[in-house]
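Just below is one structure, and these are the notes that go with it.
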Amino acid sequence: MEKDFIDLLELQHMLKRGVESLFPKRLWIKAEVSAVKARSGGHCYMELSQSSPEGLVAKANAIIWSSKYRFISPYFESVTGSPLQEGMLVLVEVQVNYSELYGMSLIISDIDPEFSLGVKELERQKTIERLRQEGLMELQKDLELPLLPYRLAVISAEDAAGYRDFIRHIGENPYGFKVETVLFPALMQGADCPSSIISALDRIMEEEQWDAVLILRGGGAKLDLACYDDYSLAAVIAQYPLPVLTAVGHDQDFHVCDMVAYEYLKTPTALADYILDIYECEDERISSCQTRIRLAASNRLYREESLLDSLAARIKGGFSLKLAAMESALQVLQTRIEAADPRRILDRGYALALDADGVVMKSVGGKEKGDKVSMMFADGILDCTVDSVSRHSEECKTRSLSS
């Protein structure tokens, strides 16, 4: 019994007509780039795919002809900062094409770079909100950096320009400050970057005590740096027991990892300056303390010297006054002594009566006729004999004194 049949080419013709009649015009589709390869002839061959939680659910080959690729590629890179690469979610304008020999393929005529950026930004905002809800955004800010962070664990790629700039800048500082840096190598871009940095953070905790962790890399394309918006990496940094300082990208870049870190700087060189500024401030503080101590000691010495000078002047002044008083007292005493000298009295015409023993006679009492007495004058002595003794009455004494 004969069976109805068609040959393969006819079937492919029918499929071509059917597929292309279903999609006569170009249309925009969303897909993930699972493979991309630019050929030497200028054409770009891609594999677009779509996945679900269960795995891959759709796949299609796509082509950008050289006439389009030479315009699409540089424009896409200028907007996103990154070339087309695996893992990107893209919005592409395609013409559905069916070849009897190669099957269905998508001819790409345009790619919307804003869509790729928008998808990443949406994921970034979701990550930020999740971290905020979990209370992880400010944990690192509660840590304290040592007064002088000396032992620094550095996560970077050994051949990265940013890492070399950091080491050169901090090692050749004009102040001569010394810090210890140890590199823990890690991938600094791409899909494996977050897990590689997390692994480096784990290795750091296995080592001896560190003062801080630095995550360094120079600038790069926006999509190259999108790994620093990864939730897992940001969550590990947020909960890390040591202060984590980041310097990823250029001035315009600010990533989720920067948000949760203890401190973030624009560039590795800026981070080196941040560390050096800590040392410089402490050096200035110590110098200021030295100056204040020196000034205080100088002021104290000056006050003590002034006090000693004042005390010496007071002692000298007091001694001079005491000496003057003593000299004055001696002068008064000398004057009194000279005034009391009997010779002064005799010079004024008085005479001094002495008994036979040479004792000054103060009255006639006890003297009788015939006793020997002497009369001392200023110019000599008269030896006399008492002829008689006459006593004055009180009236006579008074009259004598009055006269």
Can you tell me how far the [atom1] atom of [X] sits from the [atom2] atom of [Y], to the nearest 0.5 Å?
{"X": "L101", "Y": "Q12", "atom1": "CG", "atom2": "CD", "answer": "8.5 Å"}
{"X": "T267", "Y": "R217", "atom1": "OG1", "atom2": "CZ", "answer": "13.0 Å"}
{"X": "R17", "Y": "S21", "atom1": "CZ", "atom2": "OG", "answer": "9.5 Å"}
{"X": "K362", "Y": "D355", "atom1": "NZ", "atom2": "CG", "answer": "12.0 Å"}
{"X": "Y163", "Y": "I215", "atom1": "OH", "atom2": "CD1", "answer": "14.5 Å"}
{"X": "F5", "Y": "L8", "atom1": "CZ", "atom2": "CG", "answer": "13.0 Å"}

Non-hydrogen side-chain atoms of [X] and [Y] separated by less than 4.5 Å:
{"X": "L346", "Y": "M376", "answer": "yes"}
{"X": "W210", "Y": "V182", "answer": "yes"}
{"X": "V92", "Y": "L106", "answer": "no"}
{"X": "D229", "Y": "E123", "answer": "no"}
{"X": "M88", "Y": "E32", "answer": "no"}
{"X": "D371", "Y": "T385", "answer": "no"}
{"X": "I111", "Y": "L84", "answer": "yes"}
{"X": "V213", "Y": "L245", "answer": "no"}

For R285, is there an ion pair with E282 - N to carboxylate O distance below 4.0 angstrom? yes

Got a sec, which residues hit ring pair (Phe, Tyr, Trp, His ring centres under 6.0 Å) with Y274, two or more places apart in sequence or on another chain?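 If we apply the ring pair (Phe, Tyr, Trp, His ring centres under 6.0 Å) test to Y274, skipping adjacent residues, there are no hits.
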
Partners meeting ring pair (Phe, Tyr, Trp, His ring centres under 6.0 Å) with H13 (sequence neighbours left out): none

State whether the number of non-hydrogen atoms from other residues, nucleotides or ligands found under 6.0 Å of [X] atom [atom1] is greater than 12.
{"X": "Y350", "atom1": "OH", "answer": "no"}
{"X": "M14", "atom1": "CE", "answer": "no"}
{"X": "K16", "atom1": "NZ", "answer": "yes"}
{"X": "E304", "atom1": "CD", "answer": "yes"}

Run the numbers on F76 and S116 for side-chain contact (heavy atoms from CB on, under 4.5 Å), then give the verdict. CA-CA 10 Å; F76 183 87; S116 298; 3.8 Å; yes

Search all heavy atoms of [X] against all heavy atoms of [Y] and return the closest pair with its distance.
{"X": "P113", "Y": "Y75", "value": "CG-CE2, 3.7 Å"}
{"X": "G365", "Y": "R391", "value": "CA-NH2, 3.5 Å"}
{"X": "H169", "Y": "A272", "value": "CD2-CB, 3.6 Å"}
{"X": "A351", "Y": "M375", "value": "CB-CE, 4.0 Å"}
{"X": "Q95", "Y": "K25", "value": "OE1-C, 3.7 Å"}
{"X": "V179", "Y": "I170", "value": "CG2-CD1, 3.7 Å"}

Step by step, work out the salt bridge (charged side-chain N to carboxylate O under 4.0 Å, His left out) result for E129 and R132. CA-CA 5 Å; E129 184 59 28; R132 184 174 289 113; 3.5 Å; yes

Any side-chain donor paired with an acceptor under 3.5 Å for D165 and T269? no

Tell me yes or no: between the side chains of T246 and D258, is some donor less than 3.5 Å from an acceptor?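 The answer is yes; a qualifying pair exists.
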
Residues W28, F115; criterion ring-ring contact (aromatic ring centres under 6.0 Å, His included); working and verdict: CA-CA 12 Å; W28 290 91; F115 174 82; 9.3 Å; no

Counting distance only, does the side-chain N/O of D357 pair as donor-acceptor with the main-chain N or O of V359 below 3.5 Å? no

So does R70 get a backbone contact from the side chain of S73, meaning a donor-acceptor N/O pair under 3.5 Å?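 Not confirmed, S73 side chain does not pair with R70 backbone.
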
What verdict does the side-chain contact (heavy atoms from CB on, under 4.5 Å) test give for V256 and R124, after you've listed the backbone C-alpha separation in whole Å, the side-chain angles of each residue and the deciding distance to 0.1 Å? CA-CA 7 Å; V256 177; R124 180 174 181 270; 3.8 Å; yes

Out of I64, I63, V96, which residue meets the side-chain contact (heavy atoms from CB on, under 4.5 Å) rule with I107?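 Passing option: I63.
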
For a side-chain contact (heavy atoms from CB on, under 4.5 Å) check, start with the C-alpha distance between I167 and T181, then their side-chain angles and the critical distance, and finish with the verdict. CA-CA 8 Å; I167 293 299; T181 59; 3.6 Å; yes

When the ring centroid of F254 is compared with that of Y264, is the distance short of 6.0 Å?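 When the ring centroids of F254 and Y264 are compared, they turn out to be within the sub-6.0 Å range.
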
Are R130 and Y231 in a cation-pi setup, meaning NZ or CZ lies under 6.0 angstrom from the ring centre and within 45 degrees of the ring axis?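 Yes, R130 lies over the aromatic ring of Y231.
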
Would you please classify the geometry between the H255 ring and the Y228 ring as parallel, tilted or perpendicular, with 30° and 60° separating the classes? tilted

Derivation and outcome, side-chain contact (heavy atoms from CB on, under 4.5 Å), residues C257 and L233: CA-CA 7 Å; C257 289; L233 177 57; 3.6 Å; yes

Got a list of side-chain donor-acceptor pairs under 3.5 Å for residues 194-206, not counting sequence neighbours?
{"from": "S195", "atom 1": "OG", "to": "D192", "atom 2": "O", "distance (Å)": "3.0"}
{"from": "S196", "atom 1": "OG", "to": "L187", "atom 2": "N", "distance (Å)": "2.8"}
{"from": "S199", "atom 1": "OG", "to": "R203", "atom 2": "NH1", "distance (Å)": "3.4"}
{"from": "R203", "atom 1": "NH2", "to": "P185", "atom 2": "O", "distance (Å)": "2.9"}

Donor-acceptor pairs are to be reported for all side-chain atoms of residues 309-333 against protein atoms at under 3.5 Å, with residues two or more places apart or in another chain.
{"from": "S320", "atom 1": "OG", "to": "K316", "atom 2": "O", "distance (Å)": "2.9"}

Could you pull out all donor-acceptor pairs under 3.5 Å where a side-chain atom in residues 41-62 meets a protein atom, sequence neighbours excluded?
{"from": "H43", "atom 1": "ND1", "to": "S66", "atom 2": "N", "distance (Å)": "3.0"}
{"from": "E47", "atom 1": "OE1", "to": "S34", "atom 2": "OG", "distance (Å)": "3.0"}
{"from": "S52", "atom 1": "OG", "to": "E54", "atom 2": "N", "distance (Å)": "3.3"}
{"from": "S52", "atom 1": "OG", "to": "E54", "atom 2": "OE1", "distance (Å)": "3.1"}
{"from": "S52", "atom 1": "OG", "to": "G55", "atom 2": "O", "distance (Å)": "3.4"}

Name the atoms and distances for all side-chain donor-acceptor pairs under 3.5 Å in residues 138-158, with sequence neighbours left out.
{"from": "Q140", "atom 1": "OE1", "to": "V244", "atom 2": "N", "distance (Å)": "2.8"}
{"from": "Q140", "atom 1": "OE1", "to": "Y262", "atom 2": "N", "distance (Å)": "3.3"}
{"from": "Q140", "atom 1": "NE2", "to": "I237", "atom 2": "O", "distance (Å)": "3.1"}
{"from": "Q140", "atom 1": "NE2", "to": "Y240", "atom 2": "O", "distance (Å)": "3.0"}
{"from": "Q140", "atom 1": "NE2", "to": "L242", "atom 2": "O", "distance (Å)": "3.0"}
{"from": "K141", "atom 1": "NZ", "to": "M259", "atom 2": "O", "distance (Å)": "3.0"}
{"from": "K141", "atom 1": "NZ", "to": "A261", "atom 2": "O", "distance (Å)": "2.7"}
{"from": "R151", "atom 1": "NE", "to": "E180", "atom 2": "OE1", "distance (Å)": "3.2"}
{"from": "R151", "atom 1": "NH1", "to": "Q209", "atom 2": "O", "distance (Å)": "2.6"}
{"from": "R151", "atom 1": "NH2", "to": "E180", "atom 2": "OE2", "distance (Å)": "3.2"}
{"from": "S156", "atom 1": "OG", "to": "L216", "atom 2": "O", "distance (Å)": "3.0"}

